[in-house]
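Notes to accompany the following structure.
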Number of protein chains: 2
Amino acid sequence: MPATPPVSARERARASFTADLLAAARTRIAAEGAAELSLRAVARDLGVSSSAVYRYVDSRDALLTLLIIEAYDEVGTVVETAAASATAADPPADPGTTWLAVGRAFIGWAREHRHSFELVYGTPVPGYAAPPDTVVHATRVWAVLGATVAAAAQRGELGPAALDGVAHGLMSTEMIDAAVRLVGGPVAGPAVPRELVENLVVRTVPLFTTLLGATTAELFGHLHGMTDDHDALLDAVLAAAGASVGLRVPLGGG
Amino acid sequence: MPATPPVSARERARASFTADLLAAARTRIAAEGAAELSLRAVARDLGVSSSAVYRYVDSRDALLTLLIIEAYDEVGTVVETAAASATAADPPADPGTTWLAVGRAFIGWAREHRHSFELVYGTPVPGYAAPPDTVVHATRVWAVLGATVAAAAQRGELGPAALDGVAHGLMSTEMIDAAVRLVGGPVAGPAVPRELVENLVVRTVPLFTTLLGATTAELFGHLHGMTDDHDALLDAVLAAAGASVGLRVPLGGG
DNA sequence: CTTTAGCGAGAGCAATGCTCGCGCATGCGC
DNA sequence: GCGCATGCGCGAGCATTGCTCTCGCTAAAG
């Protein structure tokens with residue numbers, strides 16, 4: 001049930017081939033990493049000449065960009081699902097537990113899709129700056145983290161944080177606007193004070209950088225030889241970060 | 001005053017050329033990034049043929065490894081200096097302030113030497129795992145962080161942390177041994193209980209992952225458009241991390 | 001039915017990492 | 001002081017990459 005009738009046969013063929021192309025590239029990246037991705041190689045995998053690929057994608061970097069967007073959406077879905085099933089549990093998880101679940105899910109995704117993680121959160125590929133089309137997809141993880149902090153605030157469970165003193169006037173107005181839109185949701189409930197929203201936004205930053213830093217350290221070997229139980233160590237890092245922004249993260253005894 | 005007499009002229013020439021080679025590679029990396037480093041290009045810069053370079057270095061990756069070690073030592077020196085001048089100030093900085101200074105120095109180094117940061121903390125280059133020769137140099141940053149936490153403990157200024165409950169039995173014995181050696185120092189003072197040392201080691205982990213995550217986020221554009229004052233936001237992240245492991249970080253009115 | 005637009009293939013260009021064989025010169029052992 | 005061996009630099013060459021261009025063919029559009 002396509003929105004527009006089966007369009008032309010050509011367009012269908014084109015879409016189909018593009019999908020195959022992306023799939024092949026994804027496979028090669030999973031096997032060898034983004035830096036090794038060779039357009040000629042995926043062309044060979046597909047049984048077409050290398051020049052034919054250029055009918056469907058502008059350049060190697062453009063192909064990478066497509067895959068970056070895919071990866072952002074993938075991890076976005078993973079953390080959204082983790083957060084959703086935490087809050088949908090019976091009894092619903094408190095925000096601290098949700099944060100822990102989200103963090104574990106993020107790290108788990110990165111472990112399973114190392115090269116996708118590298119693609120989006122690792123060293124940017126040589127020449128290009130992240131195209132603007134990617135930022136929308138990148139925000140999904142941020143949104144989940146922000147929602148968790150906001151939920152804690154709403155339940156009155158948010159403790160004080162070391163950053164409270166400097167949070168005011170820190171974020172750009174655009175950022176706060178975006179956050180207000182998220183918190184307010186589609187319905188216009190009682191207005192949430194901007195200062196509170198800003199404070200919540202600032203609190204999500206350490207959560208994000210912790211996710212990024214912990215996962216990078218884990219995957220890139222900076223924790224090598226330090227422990228036999230990486231999961232437990234990462235849990236400790238997550239717990240510390242959660243506590244630092246006022247979440248109560250239950251560790252150990254469960 | 002060489003330790004061994006001027007050795008042979010050949011050896012001196014070899015050492016000299018190797019130094020030139022590294023310098024040229026360093027320059028090119030600073031200009032274009034590690035991924036773009038071309039052996040042929042540095043050969044051209046040096047006015048020799050590309051094949052001549054292979055007399056001095058096994059491969060492109062081996063050259064990268066040499067530069068990785070240099071970069072580790074560079075950042076190690078930077079953070080050591082920052083910590084030293086903080087504690088040497090009058091009055092000496094408390095551990096929380098030292099941590100802030102160390103964090104700022106780390107981020108500052110990364111900003112000034114973006115490509116060096118990418119080299120050591122970014123996505124590992126394609127095929128190879130970090131050669132064991134690099135780990136010794138990598139520990140210097142860890143040592144500074146650990147010493148800061150240890151100093152706070154010694155002064156009785158270390159607050160409780162969310163990870164206290166799970167810290168025991170977390171780290172490998174080798175890791176704790178290494179830390180004991182560091183804390184004990186060259187002289188054999190009163191024995192520090194291993195459990196305390198382990199707790200201190202676990203506390204340095206969030207500090208390191210915060211450094212890594214905050215710097216990665218900053219340099220790789222994940223904080224884009226969120227604030228106009230990146231320094232202040234990063235300070236907030238550092239403060240949160242410090243507080244989460246029991247350091248008192250004075251921010252704002254400081 | 002004719003024209004036009006899309007598409008695939010192959011050759012080709014400028015690079016890359018790395019190997020190999022050739023000569024030259026330097027320095028060590030005799 | 002001399003001769004051989006070793007170190008060294010060079011150029012050619014191979015396989016690979018991203019990307020461009022031209023040539024036909026085929027299928028859609030008018």
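All values reported here derive from a predicted model rather than from experimental measurement.
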Could you list the protein-to-nucleotides 7-10 of chain C atom pairs, N/O on both sides, closer than 3.5 Å?
unit_1 : atom_1 : unit_2  : atom_2 : d
C:dC7  : OP1    : A:Arg14 : NH1    : 3.3
C:dC7  : OP2    : A:Arg14 : NH1    : 2.8
C:dG8  : OP1    : A:Tyr56 : OH     : 2.9
C:dG8  : OP2    : A:Tyr56 : OH     : 3.0
C:dG8  : N7     : A:Arg55 : NE     : 3.2
C:dG8  : N7     : A:Arg55 : NH2    : 3.2
C:dG8  : O6     : A:Arg55 : NH2    : 2.5
C:dA9  : OP2    : A:Ser49 : N      : 2.7
C:dA9  : OP2    : A:Ser49 : OG     : 3.4
C:dA9  : N7     : A:Ser51 : OG     : 3.1
C:dG10 : N7     : A:Ser51 : OG     : 3.3
C:dG10 : O6     : A:Ser51 : OG     : 2.6

May I have the distance from [X] (atom [atom1]) to [N] (atom [atom2]), rounded to whole angstrom?
X	N	atom1	atom2	value
A:Arg28	D:dT17	CZ	C1'	13 Å
B:Arg60	C:dA15	CZ	P	17 Å
A:Arg40	C:dG12	CZ	P	13 Å
B:Asp61	C:dC18	CG	P	7 Å
A:Asp58	D:dG18	CG	C1'	13 Å
B:Leu46	D:dG9	CG	P	10 Å
A:Leu37	D:dT16	CG	P	17 Å
A:Leu39	D:dG18	CG	P	5 Å

Between [X] (side chain) and [Y] (backbone), is there a donor-acceptor pair under 3.5 Å?
X	Y	result
B:Arg104	B:Leu238	no
B:Ser16	B:Arg12	no
B:Thr139	B:Trp142	no

Do any side-chain atoms of residues 225-234 of chain A form donor-acceptor pairs under 3.5 angstrom with protein atoms, and if so which ones, sequence neighbours left out?
unit_1   : atom_1 : unit_2   : atom_2 : d
A:Thr227 : OG1    : A:Asp229 : N      : 3.0
A:Thr227 : OG1    : B:Leu170 : O      : 2.5
A:Asp229 : OD1    : A:Asp231 : N      : 3.4
A:Asp229 : OD1    : A:Ala232 : N      : 3.1
A:His230 : ND1    : A:Glu218 : OE1    : 2.6
A:His230 : ND1    : A:Glu218 : OE2    : 3.3
A:Asp231 : OD1    : A:Arg111 : NH2    : 2.4

- [ ] Determine whether more than 12 heavy atoms belonging to other residues, nucleotides or ligands lie under 6.0 Å from atom NE2 of A:His224.
- [x] no
Open item on the list: Applying side-chain hydrogen bond (donor to acceptor under 3.5 Å, both in side chains) as the test, list every pair that has at least one member in residues 116-125 of chain B; sequence neighbours left out.
Closed with: B:Arg114-B:Glu118, B:His115-B:Glu118
Task: Closest nucleotide among C:dC18, C:dT16, D:dG18 to the B:Arg44 side chain - done: C:dT16
